[in-house]
Amino acid sequence: MTMVGGSHRESRRGSKMPNLRKFHYALVSVSDGKSRPQASRIKLCSEYLVLQREEFHIWEDEETYPVEAGLRTVLLARDEKGQLGISIKGGREHNLPILVSRVTSACIQARDIFIGDAIVRVNDHTLSDISHDEALALLVEAGPEVSLTLKHYKVATPFLLKQFGRFIPEYTPSFPPACDSIPNSSDDDGTPFHHPEPSQPVPDSPCSVSSDGSGSWIGIPRVKKNWIDVVTVPLLMAYTTRYIFGTDKLRPNAFEVRGMDGSSTGVVHHEDPSQLTQMIKLIVDYIGLLNAHQATKLNRIFSSSRHISHMAWVVEGIINQDQPWQNWKPKFLALRGSSVYIFDSPPLTAGDWPDDDTENDDDHKTSAGVMEYKVFDAMFRVIKESENVDERQHCFLIQTFGQQSHYFSVETRQELLRLESAWHKAVCLAISQLGCKTFHVVYKNKPSALTLDWEDGFTLKCFACVSPEWTFQFSQLKGSSDDGNATLKLHFYRPFNKDTVTEEVICPKLQELLFFMHSFLTAKVASLDPAFMASRQ
């Protein structure tokens, strides 16, 4: 890959940084999901993705333009197969004159015929208000040597030349303006994003190839080709998907990027699956870096206990009349402090988040466009592939105490693993800050208190007693079972006795107790993760 407007850099600490690049380019085809894909180009930098369309222009130097402005006559002979060696487009049904669209004749006189020429007369027959098929029939029956009266339509030439776009050299008067660069993982020539070679001076000949690609200049006037910006999609909190929007159907060799401002690339196609994967990865990496930078800026405003630890797009499966999930709706999921938020649209500013001043001990809060749950009142569960409800992959479930559950999917396994890790870290921080949680229970017919403590584990103390009935560390819990109503059995291992003891309690808030047990155990596991411990220091 070629870097434009930048250079390799080294960090101030002396270690080499990854290669940096200002812009990345890729030739693709783009459609609206219904019509035939059109040739396009992607221009990507650190902050936005631009969709570009190929355009052809006649050189402004009128004096050297090879086609006369008025009428001219060319006497064209057929080849040994009886072919004239020209193709035509247009006609009455298209509200166009009969236009030359291709020149393949080897006849020397064919050098005076150009793409964009309108055929005014064939021999003695004037082509006025004639259909395409009628013009073809007239040319077929015109004899072995045909007199063509032509008039060049300069404005039509660029459109007719699109079919030969790959043969026409690109003209770029200067490199694009510089853009803030972001590290990229690869700099090989085989990667999908690259910049074309610098353009050459204006050619003396009409063009570099003929209309049949043979290498001469038959039929092609002097034109230039360049790329114009059509759509610009900002990458901050942009949504990228390979699925047909709202469904579980994966698009083959295609993806779409949607910006927060409502812009969209449309459906971007690429024939090479490996290069397509590299494109998507680079775009997603840039979005991730921008989102992380945005979270850092917002965290300067929020208190330390309310910092954002993760933000990402997910899609939620929506139940339709008790049927399987047939509709998938994008949601923006964020972890901040001890809460998980599910937004309809991304929170770009601090004002888009629920007000900290209104925070209370409610398990669940809902406001316009956002739902909030405490992470210790919820369970995160990765769905096994055999349990998927449809063809969507990388699914997970957020079960909330006393509230509805949410069934989500992400695009890749890497995204799912990152989210799972972020969830466990959020639970660990929330539980360590919470410290303990006490539930009223009945133990051996005596009113008691069961406490889950971050440091001490499980402690059961009768209200009428001074000392606890028993205390066990979280690591001693070997299993549990319940009747789904109020009775809970906890199975603890006693290392000194080398046996397992079962303690039974009755808890009116059994489901809440189970959720907190799960959160405390998840937090203990996360706290033993070396990578997580290092991130806290």
Side-chain angles (χ1 to χ4, degrees), residues 237 284-285 287-314 331-343 346-347 353-354 356 359 363-365 370-383 394-401 405-406 408-437 452-455 457 473-475 477 514-537:
M237 296 183 180
V284 169
D285 286 349
I287 293 172
L289 287 172
L290 287 171
N291 290 355
H293 180 63
Q294 182 69 12
T296 300
K297 292 197 298 184
L298 291 174
N299 285 342
R300 295 170 185 165
I301 303 173
F302 299 139
S303 64
S304 59
S305 63
R306 302 288 285 169
H307 275 186
I308 302 167
S309 57
H310 186 82
M311 297 192 301
W313 280 102
V314 298
K331 298 284 186 177
F332 196 79
L333 189 144
L335 294 168
R336 183 178 71 140
S338 60
S339 297
V340 55
Y341 299 84
I342 304 170
F343 292 91
W353 295 79
D356 287 353
E359 185 178 0
D363 298 330
H364 160 245
K365 294 189 294 184
V370 58
M371 303 183 73
E372 177 186 355
Y373 303 96
K374 295 297 183 183
V375 291
F376 43 69
D377 285 332
M379 294 185 188
F380 181 98
R381 183 168 74 89
V382 175
I383 303 298
H394 317 302
C395 300
F396 64 96
L397 187 68
I398 293 181
Q399 296 173 279
T400 56
F401 169 67
S405 296
H406 298 270
F408 295 108
S409 172
V410 291
E411 292 285 323
T412 66
R413 176 168 174 78
Q414 287 73 24
E415 291 178 63
L416 181 59
L417 293 175
R418 283 196 294 267
L419 176 56
E420 183 181 29
S421 176
W423 180 279
H424 290 166
K425 293 175 183 178
V427 171
C428 182
L429 292 174
I431 292 297
S432 62
Q433 292 173 0
L434 180 66
C436 64
K437 178 71 175 179
L452 308 180
D453 188 275
W454 175 248
E455 299 292 343
Q473 293 294 317
F474 288 111
S475 59
L477 182 67
L514 293 175
F515 269 79
F516 267 92
M517 280 177 53
H518 181 271
S519 295
F520 271 85
L521 292 170
T522 298
K524 278 297 178 181
V525 171
S527 68
L528 298 176
D529 180 0
F532 174 60
M533 294 301 293
S535 69
R536 296 185 64 190
Q537 296 176 354

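Note that the structure is predicted; figures quoted are calculated from it, not measured. FYI, side chains are in, hydrogens and waters are out, and symmetry mates aren't considered; it's all heavy atoms of this structure. Throughout, numbering of the chain's residues begins at 1 and tracks the sequence.
Shortest non-hydrogen contact noted between V375 and A426 is CG2-O, 4.0 Å. Here the shortest heavy-atom pairing between S519 and V427 reads O-CG1, 3.4 Å. Minimum interatomic distance between F520 and G435 (heavy atoms only, all atoms of both residues): CE2-O, 4.0 Å. Contact detail for A378 and T400: the closest heavy-atom pair is CB-CG2, 4.1 Å. Between M371 and Y373, the shortest heavy-atom contact is CE-OH, 2.9 Å.
Taking R413 as the reference, H394, L417 meet the side-chain contact (heavy atoms from CB on, under 4.5 Å) condition, with sequence neighbours excluded. Listed by chain and residue number, Q473 satisfy the side-chain contact (heavy atoms from CB on, under 4.5 Å) test with S475 (two or more places apart in sequence, or in another chain). For L521, the side-chain contact (heavy atoms from CB on, under 4.5 Å) test picks out F474, L477, with sequence neighbours left out. A search for side chain to side chain donor-acceptor pair (under 3.5 Å) contacts involving K331 returns D344, not counting sequence neighbours. Among residues two or more places apart in sequence or in another chain, the side-chain contact (heavy atoms from CB on, under 4.5 Å) test is passed with M379 by Q399, F515, H518. Partners of F516 according to the ring-ring contact (aromatic ring centres under 6.0 Å, His included) rule, which considers only residues two or more places apart in sequence or in another chain, are F376, F439. Residues forming a salt bridge (charged side-chain N to carboxylate O under 4.0 Å, His left out) with R381 (at least two apart in sequence, or on another chain): E387.
Ring geometry for W423 versus F380: interplanar angle of 30 to 60°, hence tilted.
For the pair L333 and I398, the minimum side-chain heavy-atom distance is below 4.5 Å. Two residues are said to be in side-chain contact when any heavy atoms from C-beta on lie closer than 4.5 Å; W353 and S339 fail this criterion. Residues V314 and F396 have side chains in contact (heavy-atom distance under 4.5 Å, counting atoms from C-beta outward). Residues L419 and F408 are not in side-chain contact: their nearest non-hydrogen atoms beyond the backbone lie 4.5 Å or more apart.
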Distance-only donor-acceptor pairs under 3.5 Å for side chains of residues 288-298, two or more places apart:
residue : atom : partner : partner atom : Å
N291    : OD1  : M237    : N            : 2.8
Q294    : NE2  : L348    : O            : 2.7
T296    : OG1  : A292    : O            : 3.0

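How far OG of S527 is from CG of L429: 10.5 Å, rounded to the nearest 0.5 Å. From K425, atom NZ reaches atom OG of S309 across 9.0 Å, with rounding to the nearest 0.5 Å. A distance of 5.5 Å separates NE2 of H424 from OG1 of T522, quoted to the nearest 0.5 Å. The distance from atom NE2 of H307 to atom CZ of F302, rounded to the nearest 0.5 Å, is 9.0 Å.
Seen from the ring of W454, K524 counts as a face-on cation partner, given the 6.0 Å and 45° thresholds.
Put simply, the side chain of N299 gets close to the backbone of I308: a donor and an acceptor are under 3.5 Å apart. A donor-acceptor pair under 3.5 Å is absent between the side-chain atoms of S421 and the main chain of R418, judged by distance alone.
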